[in-house]
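Structure first, then comments.
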Amino acid sequence: MADIIFKNFNKSYNGNELFKDFNLSFAHGKITAVLGNSGVGKTTLLNAMAGLIPYGGSIENAQKRISYIFQNQALLPNLTVFKNVELVLKSTVKDRQEREIIVNGLLGAVELFNDRNKYPSQLSIGMAQRVAMARAFAYPCDIILLDEPFRGLDISLKSKLINYFIKLWDKDKKTAILVTHGIDDAVLLADNIIVIGKKPVEVILSESINSHKSQRSLLSESEAEIYKKVHSALS
């Protein structure tokens, strides 16, 4: 597998150039966080990778199987937790018992096995986001896109969800791209952090974090230093 590479990427809205000859690479098998102020074009990058919008230039190695985790979870209200996750498997895993094993394993990993027969209306926000994560990993994808999945959550819940995501991701280390406003999200979860800004968009900062995700803390000297760099770049 290879990196996802934006080459001379162009995108305009209402005649205004947002991206012009933009170049950026997302590392294969890594989690990359993209930060920037509102309206700078973070979600545009995700939507272009997912093939949801037209654009100029090229994106190499993005036309693969993609899972997309949204802020609003996008669960089907008439299906149970189990059925919401199972649904994405039906086209590739024909055996019902095999699907059941996969779904129950994922729900166990995010501590929702005992809630598998509940409906979305019966779930808390955090539980619903865990279902969305399990569903994203259930789909046999190559790339996972995350658009502000932790936005609006309190610190305790956000920390738990980040740990659940790391637990799922560690199994096969899919290429993941996280768009977020939260510097703490990026520092705790990402291997690489990209800050974009200006119009047309430029890369303002690019940082890598080498410490193991399970051992990170915003109180540690190395993570605190990266936090400061990202905060300065956003300012």
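Keep in mind that what you see is a predicted model, and the values were worked out from it rather than measured.
A salt bridge does not link Glu225 to Lys229: none of the charged nitrogens lies less than 4.0 Å from a carboxylate oxygen. Here Asp147 does not pair with Lys42 in a salt bridge; the nearest charged N to carboxylate O distance is not below 4.0 Å. Ion pairing between a basic and an acidic side chain is recognised when a charged N comes within 4.0 Å of a carboxylate O; Asp184 and Lys158 show such pairing.
You'll find the side chain of Phe6 stays beyond 4.5 Å of the side chain of Asn23, heavy atoms only. Within the 4.5 Å cutoff, the side chain of Leu145 has heavy atoms near those of the Ile66 side chain. Here the side chains of Tyr119 and Leu75 are not in contact, with every heavy-atom distance at 4.5 Å or above. A 4.5 Å side-chain heavy-atom check between Val195 and Glu207 finds every atom pair outside the cut-off. Within the 4.5 Å cutoff, no side-chain heavy atoms of Asn192 are placed close to those of Phe26.
Within 6.0 Å of NZ on Lys30 lie no more than 12 heavy atoms contributed by other residues, nucleotides or ligands. Within a 6.0 Å sphere centred on NZ of Lys173, heavy atoms belonging to other residues, nucleotides or ligands number more than 12. Applying the 6.0 Å contact sphere to CG of Leu76 captures more than 12 heavy atoms from other residues, nucleotides or ligands.
Proximity of a side-chain donor or acceptor of Asp115 to a complementary backbone N or O of Lys118 within less than 3.5 Å is not detected. With hydrogens and angles ignored, the 3.5 Å screen pairs no side-chain donor or acceptor of Arg216 with any backbone N or O of Glu223.
Residues Gln129 and Tyr164 have side chains that never bring a donor and an acceptor to within less than 3.5 angstrom of each other.
Transitive grouping of hydrophobic side chains (ILVMFWY, heavy atoms separated by less than 4.5 Å) keeps Met133 and Val88 in distinct clusters.
Aromatic ring centres of Phe137 and Phe165: separated by under 6.0 Å.
The aromatic rings of Phe9 and Tyr55 sit tilted relative to each other, their planes meeting at an angle between 30° and 60°.
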